Amino acid sequence: MTITSPHLGSSKAWTDAQLLYALEEVVEKELNRHLKVAKDWMPHEYVPFSDGRNFPGIFEDGEAWEADQSKVTDIGKIALVVNLLTEDNLPSYHHEIASLFGRDGAWGTWVHRWTAEEGRHGIVMRDYLLTSRAVDPDKLEQFRMAHMAEGFESDNRHSMLHSVAYVAFQELATRVSHRNTGHQSGDPVCDRMLARIATDENLHMVFYRNLLGAAFELAPDLTMQAVRDVVVNFRMPGHGMPGFERAAAQMAIGEIYNMRIHHDDVIQPVLRFLKVMSIDGLGPEGAKAQEELGLYMGGLDSEASKFDEKLAARKARMVARGRA
């Protein structure tokens with residue numbers, strides 16, 4: 001049953017509980033669509049187990065890890081660790097969305113299905129990294145323990161609409177990061193694995209993007225404010241992991257994820273698909289949020305252009321030094 005409001009422009013027209021109830025039919029529709037197009041896949045089919053060998057430990061024939069044992073590029077290794085550690089925090093993500101969306105009805109079915117699908121990503125990535133010896137297994141486990149022991153709290157846990165808006169962008173950001181990592185990995189096996197993961201992430205993005213579109217129809221002012229807040233304050237969920245800032249800088253230079261990619265391939269596609277900047281009939285708060293969102297996007301584009309120039313200059317210097 002869809003709830004309608006005679007005051008869609010009002011910032012006080014909806015509570016989280018009302019929105020959850022009002023969007024239940026949309027969630028059920030999107031869940032059914034997702035289940036029809038999503039394909040089950042086996043993580044073990046993407047891992048070259050025949051390349052694996054024992055590490056030191058209980059095995060007398062264990063071979064110590066060395067940095068040159070893998071064909072994966074340096075930037076590929078950095079990005080793979082960041083992407084995997086992000087996936088490792090799945091228990092915290094599940095807790096966050098289950099607490100916000102609930103465990104019953106279509107919402108609950110989606111929460112558990114999403115968690116199950118996401119679980120495959122960490123499984124296959126860790127198996128690949130250990131089998132291919134792309135990273136130091138001891139450091140990887142130490143990073144995992146430190147990251148998960150720190151805990152995770154979403155910046156948007158205070159609001160159901162903020163959370164939906166965030167995951168609509170974040171799922172696409174994750175898809176882009178995985179796909180670009182595969183392209184830059186130097187290993188066709190890794191590329192195929194991450195392409196498979198990226199397909200899942202894209203389907204998750206479509207689910208949340210369509211749900212966000214329905215929220216705009218129900219509560220345009222509140223949804224516009226949520227989108228503005230999320231876009232302006234966007235952070236990837238792995239921001240708290242050890243060494244994230246340095247790794248993120250290296251991934252930016254390596255063109256796996258940077259401001260230009262964030263603007264062109266993540267934020268703009270969602271805004272454009274939902275025609276966010278063209279929505280009219282907003283109340284004062286919604287109109288202000290829309291204007292501020294537009295101003296922010298203009299500033300982000302300008303900053304991305306400056307980054308592009310610096311990156312091009314860096315590449316030119318490397319070519320001049322014979323390091324391209």
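Keep in mind the model is a prediction, meaning the values are calculated, not measured.
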Do the side chain of Thr223 and the main chain of Ala215 share a donor and acceptor less than 3.5 angstrom apart? yes
Closest heavy-atom pair, Met193 versus Tyr46, reported as atoms and distance to 0.1 Å, is CA-CD2, 3.8 Å
Are any of the side-chain nitrogens in Asp265 or Arg260 under 4.0 Å away from the carboxylate oxygens of its partner? no
Minimum side-chain heavy-atom gap Leu293-Leu271 below 4.5 Å: yes
Any donor-acceptor pair under 3.5 Å linking the side chain of Asn180 with the backbone of Ile256? yes
Does a salt bridge link Glu303 with Lys306, judged by any charged N lying under 4.0 Å from a carboxylate O? yes
Under the side-chain contact (heavy atoms from CB on, under 4.5 Å) rule, what do His183 and His178 come out as? Steps first, then yes or no, please. CA-CA 9 Å; His183 291 327; His178 282 311; over 6 Å; no
If hydrophobic clusters are built from ILVMFWY residues whose side chains come within less than 4.5 Å, do Met145 and Met241 share one? no
Do the side-chain N and O atoms of Asn83 and Thr181 include a donor-acceptor pair separated by under 3.5 angstrom? yes
Joint cluster assignment, Met205 & Leu203, ILVMFWY side-chain distance < 4.5 Å: no
Compare all side-chain heavy atoms of His44 with those of Val47 and state whether any distance is below 4.5 angstrom. no
Would you tell me whether Glu118 and His121 have side-chain atoms, one donor and one acceptor, within less than 3.5 Å of each other? yes
Using the ring of each side chain (for Trp, its six-membered ring), is Trp114 parallel, tilted or perpendicular to His204, with breaks at 30° and 60°? tilted
Any Leu161 side-chain heavy atom under 4.5 Å of Trp14 side chain: no
Evaluate whether atom NE2 of His95 has more than 12 neighbouring non-hydrogen atoms of other residues, nucleotides or ligands under 6.0 angstrom away. no
Is any side-chain heavy atom of Asn156 closer than 4.5 Å to a side-chain heavy atom of Val230? yes
Hydrophobic clusters here meaning ILVMFWY residues chained together by side-chain heavy-atom distances under 4.5 Å, can you tell me if Leu85 and Ile123 are in one? no
Hey, does Pro269 have a side-chain heavy atom less than 4.5 Å from the side chain of Leu172? yes
Checking Gln69 side chain against Ala134 main chain: does a donor-acceptor pair fall under 3.5 Å? no
Heavy-atom nearest pair, Val82 first then Ala247, reads CG2-CB, 3.6 Å
So, Thr174 versus Gln170: side-chain donor-acceptor pair below 3.5 Å or not? yes
Check for a donor-acceptor pair, side chain of Gln290 on one end and backbone N or O of Val276 on the other, with a separation under 3.5 Å. yes
Within the side chain of Asn89, is there an N or O that forms a donor-acceptor pair under 3.5 Å with the backbone of Ser92? no
Kindly determine whether Arg120 and Asp40 satisfy salt bridge (charged side-chain N to carboxylate O under 4.0 Å, His left out), including the steps that lead there. CA-CA 10 Å; Arg120 290 180 178 139; Asp40 280 339; 2.9 Å; yes
Taking the basic N atoms (NZ, or NE/NH1/NH2) and the acidic carboxylate oxygens, is any pair closer than 4.0 Å for Asp280 and Lys275? no
Residue pair Leu80, Cys190: steps toward the side-chain contact (heavy atoms from CB on, under 4.5 Å) verdict: CA-CA 10 Å; Leu80 279 163; Cys190 181; 4.0 Å; yes
Pair Asp88 + Arg126, salt bridge at N-O below 4.0 Å: yes
Got Glu292 and Met224 here, is their nearest side-chain heavy-atom distance under 4.5 Å? no
Side-chain ion pair, Glu30 and Arg33, N-O less than 4.0 Å: yes
Show your working on side-chain contact (heavy atoms from CB on, under 4.5 Å) between Arg103 and Val111 and close with a plain yes or no. CA-CA 7 Å; Arg103 304 172 190 271; Val111 166; 6.0 Å; no
Taking all non-hydrogen atoms of both residues into account, name the closest pair between Ala252 and Asn258 and its distance. O-ND2, 3.1 Å
Distance under 6.0 Å and angle within 45° of the ring axis: does Arg228 meet both against Tyr296? no
Taking Leu130 as the starting point, is it possible to reach Met42 by hopping between hydrophobic residues whose side chains are less than 4.5 Å apart? no
Could you pull out the closest heavy-atom pair between Ala173 and Met236, with the gap in Å? CB-SD, 3.6 Å
Does CD in Glu28 sit with more than 12 non-hydrogen atoms of other residues, nucleotides or ligands closer than 6.0 Å? no
Any donor and acceptor pair, going by atom type alone, linking the side chain of Trp107 with main-chain N or O of Leu20 inside 3.5 Å? yes
As a quick check of understanding, evaluate side-chain contact (heavy atoms from CB on, under 4.5 Å) for Val231 and Phe169, giving each step before the final call. CA-CA 8 Å; Val231 169; Phe169 294 105; 3.7 Å; yes
Asp191 with Lys71: basic N within carboxylate O range, under 4.0 Å: no
Are Ser177 and Met251 side-chain neighbours, meaning at least one heavy-atom pair lies under 4.5 Å? yes
As an exercise, state the distance from CG of Asp187 to OG of Ser70, rounded to the nearest 0.5 Å. 7.0 Å
Taking NZ, NE, NH1 and NH2 as the nitrogens, is one of them in Glu255 or Lys315 under 4.0 Å from a carboxylate oxygen of the other? yes
Other residues, nucleotides and ligands only: do more than 12 of their heavy atoms fall within 6.0 Å of CG on Asp61? yes
Salt bridge check: are Lys29 and Glu25 linked by an N-O gap of less than 4.0 Å? no
Is there a donor in the side chain of Glu117 and an acceptor in the side chain of His112, or the other way round, less than 3.5 Å apart? no
Please determine if Arg157 and Glu96 form a salt bridge, counting it only when a charged side-chain N lies under 4.0 Å from a carboxylate O. no
Minimum-distance pair of heavy atoms, taken over all atoms of Thr115 and Leu90: O-CD2, 3.5 Å
Do side-chain atoms of Tyr93 reach the backbone of Thr86 as a donor and acceptor pair under 3.5 angstrom? yes
Assess Arg133 against Phe55: is NZ or CZ under 6.0 Å from the centre of the six-membered ring, and within 45 degrees of the ring's axis? yes
Identify the heavy atoms of Val135 and Trp65 that sit nearest to each other, and give their distance. O-NE1, 3.1 Å
Parallel, tilted or perpendicular: which one describes the rings of Phe234 and His262, with boundaries at 30° and 60°? tilted
Hydrophobic cluster identity match, Met148 and Met125, side-chain contacts under 4.5 Å: no
Tell me whether Glu63 at atom CD has more than 12 heavy atoms from other residues, nucleotides or ligands lying less than 6.0 Å away. yes
Would you mind reporting whether Lys139 and Arg144 have side-chain heavy atoms less than 4.5 Å apart? no
Is a donor from one side chain sitting under 3.5 angstrom from an acceptor on the other, for Tyr128 and Asp51? no
Please work out which of the three classes, parallel, tilted or perpendicular, describes the rings of Tyr208 and Phe101, given edges at 30° and 60°. tilted
